[in-house]
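One structure is given here, and the rest of the page talks about it.
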Amino acid sequence: MFRWLILFAALPLFGADFRIDLQALSNQGLVVKEVSPGLTGTQAEWLKGNKDRRLVVSGPADSEWREYTFTFLAKKGGKVQINLMSSNKKDQVSFRNLKLSGKSLSEDGPFTVTHDDRKLLEITCKKGEPATLTFQARYYLL
C-alpha cells in the first residue's frame, strides 16, 4: 500500500509531450513565425519538396494547465487543418481554450487525445496575414 502512495504522489512530476500539426489543405505554404518558450516549431522536413505544407509544433505538458502560443503565416489563403495529438502513442494529453488570433475557435475543448486518436479542427487563413494560435495543454491524469 505504501508503494502505491509513493507512486501516486510522484505522478504530477511526470509529463508528456504534445504535438500540433498544421496541414495546408489548399496547397499553400506555411511558415512558423514565433513560438512561446518551451515550444519548437518546424516545417515537416520528411515531406521534402512539400515540407512547407505541414508545420509541426511540439512542447511539454505536465499535470497543470499551461498556456502556449505560436504564430504562423500562410503564403496563400486557404483552409488549414489543425491536428491536436500527443507526441507518442503511450501518452494522453488534453487541450482547451483554443483561440486563433484572439477569437475562440468554435470547438475550444477540453479535448483529450493520443498520437493516434487526434482532434481535428479546420480554420481559414488569409494570404500573408500572421495567425496566432493560443491554447492550454496538460498531461492527462486518470
Side-chain angles (χ1 to χ4, degrees), residues 1-48 50-126 128-142:
M1 176 75 161
F2 184 68
R3 288 182 197 173
W4 287 110
L5 289 174
I6 291 172
L7 175 64
F8 285 119
L11 272 177
L13 300 176
F14 296 103
D17 288 336
F18 63 81
R19 179 173 146 184
I20 299 175
D21 284 15
L22 296 160
Q23 176 71 46
L25 300 178
S26 306
N27 294 328
Q28 73 271 37
L30 301 172
V31 178
V32 174
K33 298 303 279 181
E34 187 177 344
V35 296
S36 61
L39 294 184
T40 59
T42 63
Q43 292 181 331
E45 297 295 330
W46 68 89
L47 296 177
K48 301 191 185 336
N50 294 320
K51 68 182 180 180
D52 68 345
R53 292 189 186 163
R54 180 177 286 233
L55 300 180
V56 178
V57 177
S58 60
D62 57 31
S63 63
E64 299 295 323
W65 288 107
R66 187 169 158 199
E67 187 170 278
Y68 297 93
T69 63
F70 66 90
T71 302
F72 65 98
L73 183 81
K75 294 179 186 176
K76 296 180 188 174
K79 301 283 184 187
V80 173
Q81 186 179 67
I82 301 172
N83 296 278
L84 305 174
M85 68 186 97
S86 63
S87 291
N88 65 60
K89 293 181 181 191
K90 66 180 172 102
D91 292 324
Q92 293 183 347
V93 293
S94 296
F95 295 90
R96 72 177 186 187
N97 298 333
L98 286 91
K99 295 178 183 174
L100 184 66
S101 299
K103 295 180 184 174
S104 291
L105 296 178
S106 60
E107 300 180 66
D108 66 355
F111 308 112
T112 299
V113 297
T114 66
H115 184 273
D116 294 334
D117 184 19
R118 305 170 182 188
K119 176 65 178 174
L120 306 177
L121 303 168
E122 192 173 294
I123 59 172
T124 301
C125 293
K126 295 181 180 177
E129 188 174 299
T132 300
L133 186 66
T134 304
F135 60 95
Q136 292 179 330
R138 76 173 181 180
Y139 178 57
Y140 180 73
L141 298 173
L142 298 174

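Note that this is a predicted model, so its numbers are computed, not measured. Numbering of residues begins at 1 and proceeds along the displayed sequence.
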ask   = Where do Leu73 and Pro130 come nearest, in terms of heavy atoms and distance?
value =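 Result for this residue pair: CD1-N, 3.5 Å.
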
inquiry  = Testing the basics here: between Ala131 and Leu100, what is the closest heavy-atom pair and its distance to 0.1 Å?
reply    =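 Smallest heavy-atom distance, with atoms named: CB-CD1, 4.0 Å.
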
Just wondering, do [Y] and [X] contact through their side chains at under 4.5 Å, heavy atoms?
X: Val80; Y: Gln28; result: yes
X: Thr114; Y: Gln92; result: yes
X: Asp91; Y: Asp17; result: no
X: Tyr140; Y: Ser86; result: no
X: Arg96; Y: Trp65; result: yes
X: Val113; Y: Val93; result: yes
X: Leu105; Y: Leu133; result: yes

Between side-chain atoms of residues 53-60 and protein atoms elsewhere (two or more places apart, or another chain), which donor-acceptor pairs fall under 3.5 Å?
| unit_1 | atom_1 | unit_2 | atom_2 | d |
| --- | --- | --- | --- | --- |
| Arg53 | NH1 | Asn27 | OD1 | 3.4 |
| Arg53 | NH1 | Asn50 | OD1 | 3.4 |
| Arg54 | NE | Gln23 | OE1 | 2.6 |
| Arg54 | NH1 | Asp21 | OD2 | 2.7 |
| Arg54 | NH2 | Gln23 | OE1 | 2.7 |
| Ser58 | OG | Thr40 | OG1 | 3.0 |

message = Testing the 3.5 Å rule here: is there a donor-acceptor pair between the side chains of Thr134 and Thr69?
response =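 Absent: no donor and acceptor within the cut-off.
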
query = Which residues satisfy the ring pair (Phe, Tyr, Trp, His ring centres under 6.0 Å) test with Tyr68, sequence neighbours excluded?
reply =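 Only Phe18, Phe135 meet the ring pair (Phe, Tyr, Trp, His ring centres under 6.0 Å) criterion with Tyr68.
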
key: With sequence neighbours excluded, residues passing side-chain contact (heavy atoms from CB on, under 4.5 Å) with Lys79   =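 So Lys79 forms a side-chain contact (heavy atoms from CB on, under 4.5 Å) with Leu25, Ser26, Glu122, Thr124.
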
message = Before you tell me yes or no, could you show the steps for Phe70 and Leu22 under side-chain contact (heavy atoms from CB on, under 4.5 Å), namely the whole-Å CA-CA distance, both residues' side-chain angles and the distance that decides it to 0.1 Å?
response = CA-CA 11 Å; Phe70 66 90; Leu22 296 160; 3.3 Å; yes

